[in-house]
Number of protein chains: 2
Amino acid sequence: MAATERSTRDRLLDAFETLLVSAGSRSATLDAVASAAQVSKGGLLYHFHSKDELVDGMLARLREQGRADVEKMRTATKGPVDFYLTTSINTGSDFDRALIAASRIAQDNDSRASDALGDLREWWFAVLLEHLEDESLARTIQLIGDGLYFDDTTGLNEKNALKHVRDVLTRLGAL
Amino acid sequence: MAATERSTRDRLLDAFETLLVSAGSRSATLDAVASAAQVSKGGLLYHFHSKDELVDGMLARLREQGRADVEKMRTATKGPVDFYLTTSINTGSDFDRALIAASRIAQDNDSRASDALGDLREWWFAVLLEHLEDESLARTIQLIGDGLYFDDTTGLNEKNALKHVRDVLTRLGAL
DNA sequence: CGTACTATACCGGCTGGACGGTATAGTGGA
DNA sequence: TCCACTATACCGTCCAGCCGGTATAGTACG
């Protein structure tokens, strides 16, 4: 049945992402993914014929989530800048998990992953630029978002980082 | 002889870092490191009894390089902020390579690596804060540096990023 | 209605290769 | 003679991918 198929497929992708985020790409083995999703290895390979296909499936889902996120950013009540910065900090959402998982894959010099991340960055930047009409400011804010994101994924999380950023951006009239 | 020992040791660490940077941690195997450094596997294990020791050796060297970098930052002619931002972009220096290599290791959830990176961040922040006397600004600039650095390591390099950042920081009177 | 066949969704054992690490015998220079 | 290696063989484990098999639901035909 189609419904059952999608559910198992998504559970496998969820498990793959979770393993990537919590333990790195070395630990995200097919066996580990399968057992985390409570599926046999054969079951995993039924849905994804290889590890590469698992990565492709994950990145395809990431792009979908990204498109939805950009739409939310565009129409956010507090404005796109605030939305962008707030969501640059890992809240544990599905999208955050997918994003971090993709960057783990990108670290293994997988161009598919860096291409996907690059696309997302372009989409976000387009919204920032459209809103601010100031390329330097838009680029700088995007870098701050990248920094917040990087710190989170590297375990360098600074508690009040967002507060300081808001302070500075207020001085610039960007918030 | 001590001189010969250090040279081979450093060549092994260089090879390890290069492999980490150019192909990710999965590819940085003991065999690959040894052959890249033109040393036999036995030779590698003579200097580093395990892969863990190889990582420790790399991180120890990184800290040394970091201390030297902070000193240069403190006394830079154009000021620490400019120095920090300029060197946040990968120039291919030994220190850049060591930093990226460490972040690859950190992605595998190795706390030794994230601890080392966290220490470096603290050192840089102390200099920024001392110079700017403005915590929000210092934190924000550090995030921008993190962003520049992250983009470089993820293959998302934006050509004129630094120009835009300088523009914005000039408006803030930080440059 | 029942038999034959097909498609979908999965199970789990197996293999071959890679990898970390051990061990050991040997070599060239100071 | 010791140090700093080289060279090579080997071990146990892990892992990607393969494959034969199972269960179930649906379909076509007589």
Side-chain angles (χ1 to χ4, degrees), chain A residues 1-59 61 101 104-105 107-113, chain B residues 1-59 61 101 104-105 107-113:
Chain A
M1 200 184 292
T4 317
E5 178 191 354
R6 267 199 74 189
S7 149
T8 300
R9 228 188 100 98
D10 277 338
R11 254 172 40 233
L12 284 164
L13 291 177
D14 291 348
F16 185 39
E17 289 176 359
T18 300
L19 280 163
L20 282 172
V21 171
S22 64
S25 79
R26 292 186 83 96
S27 308
T29 66
L30 294 186
D31 277 307
V33 171
S35 93
Q38 288 179 304
V39 171
S40 72
K41 194 173 183 177
L44 188 167
L45 286 162
Y46 171 79
H47 289 284
F48 304 97
H49 296 347
S50 68
K51 207 173 186 182
D52 265 2
E53 277 192 21
L54 196 58
V55 172
D56 286 334
M58 191 196 82
L59 294 176
R61 207 174 64 164
R104 302 282 207 224
I105 298 290
Q107 303 286 319
D108 289 337
N109 273 51
D110 188 318
S111 61
R112 295 169 299 170
Chain B
M1 200 188 290
T4 317
E5 179 191 353
R6 267 198 77 191
S7 150
T8 301
R9 227 189 101 97
D10 277 338
R11 254 171 41 234
L12 285 164
L13 291 177
D14 291 348
F16 184 41
E17 289 176 359
T18 300
L19 280 163
L20 283 171
V21 170
S22 64
S25 78
R26 293 187 82 94
S27 308
T29 66
L30 293 186
D31 280 306
V33 171
S35 91
Q38 290 179 300
V39 170
S40 71
K41 191 177 177 180
L44 189 165
L45 287 160
Y46 174 80
H47 289 283
F48 304 98
H49 298 345
S50 68
K51 205 173 187 182
D52 265 2
E53 277 193 19
L54 196 57
V55 172
D56 286 334
M58 192 196 80
L59 295 176
R61 207 174 64 164
R104 302 284 207 226
I105 299 291
Q107 302 287 319
D108 289 337
N109 274 51
D110 187 317
S111 61
R112 293 170 299 169

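Labels below follow one simple rule: chain letters A, B, ... track the order of the sequence lines, proteins then strands, and each chain is numbered from 1. This is a predicted model, so every value here is computed, not measured.
The CD-C1' distance, from A/E53 to D/dA16, rounds to 14 Å in whole Å. If you measure from atom CG of B/L44 to atom C1' of C/dC19, you get 13 Å, rounded to the nearest angstrom. Computed from coordinates, the A/K51 NZ to D/dA16 C1' distance equals 8 Å when rounded to whole Å. For the pair B/D52 CG and C/dG20 P, the interatomic distance rounds to 11 Å; values are reported in whole Å. With rounding to whole Å, A/L12 atom CG is found 13 Å from C/dA9 atom P. One atom, CG of B/L30, and another, P of C/dG21, lie 6 Å apart when rounded to the nearest Å.
Annotation: proximity of residues 31-43 of chain A to DNA chain C (heavy atom, distance under 4.0 Å) is found for A/V39, A/S40, A/G42, A/G43, numbered in ascending order. Within a heavy-atom distance below 4.0 Å of DNA chain D, no residue of residues 15-28 of chain A is found.
Residue-level contact check: A/L45 touches the bases, meaning some heavy atom is under 4.0 Å from a base atom.
Panel note: side chain A/R104, backbone A/L19; no donor-acceptor pair is recorded below 3.5 Å. Between the side chain of A/R26 and the backbone N or O of B/S25 there is at least one donor-acceptor pair closer than 3.5 Å. Although no hydrogens or angles enter the test, the distance criterion places no donor-acceptor pair under 3.5 Å between the side chain of B/D108 and the main chain of B/D110. Between the side chain of B/D31 and the backbone N or O of B/K41 there is no donor-acceptor pair closer than 3.5 Å.
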Task: Worked check of side-chain contact (heavy atoms from CB on, under 4.5 Å) between A/L54 and A/L13 - done: CA-CA 7 Å; A/L54 196 58; A/L13 291 177; 4.1 Å; yes
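For B/Y46 and D/dA4, the shortest distance from a side-chain N or O to OP1 or OP2 is below 4.0 Å. Regarding contacts with the backbone of D/dG17, every side-chain N or O of A/H49 stays at 4.0 angstrom or more from both OP1 and OP2. For the OP1/OP2 pair of D/dA4 and a distance below 4.0 Å, the side-chain nitrogens and oxygens of B/H47 include no atom meeting the criterion.
Residues forming a salt bridge (Lys or Arg N to Asp or Glu O under 4.0 Å) with B/D14 (at least two apart in sequence, or on another chain): B/R61, B/R97.
For the residue pair B/A15 and B/V33, the shortest heavy atom distance occurs at CB-O, 3.7 Å.
Residues B/V39 and B/H47 are not in side-chain contact: their nearest non-hydrogen atoms beyond the backbone lie 4.5 Å or more apart. Side-chain atoms of B/F16 and B/I105, non-hydrogen and from C-beta on, do get closer than 4.5 Å to each other.
Set against D/dA16, C/dA9, D/dC5, the side chain of B/T8 has D/dC5 as its closest nucleotide.
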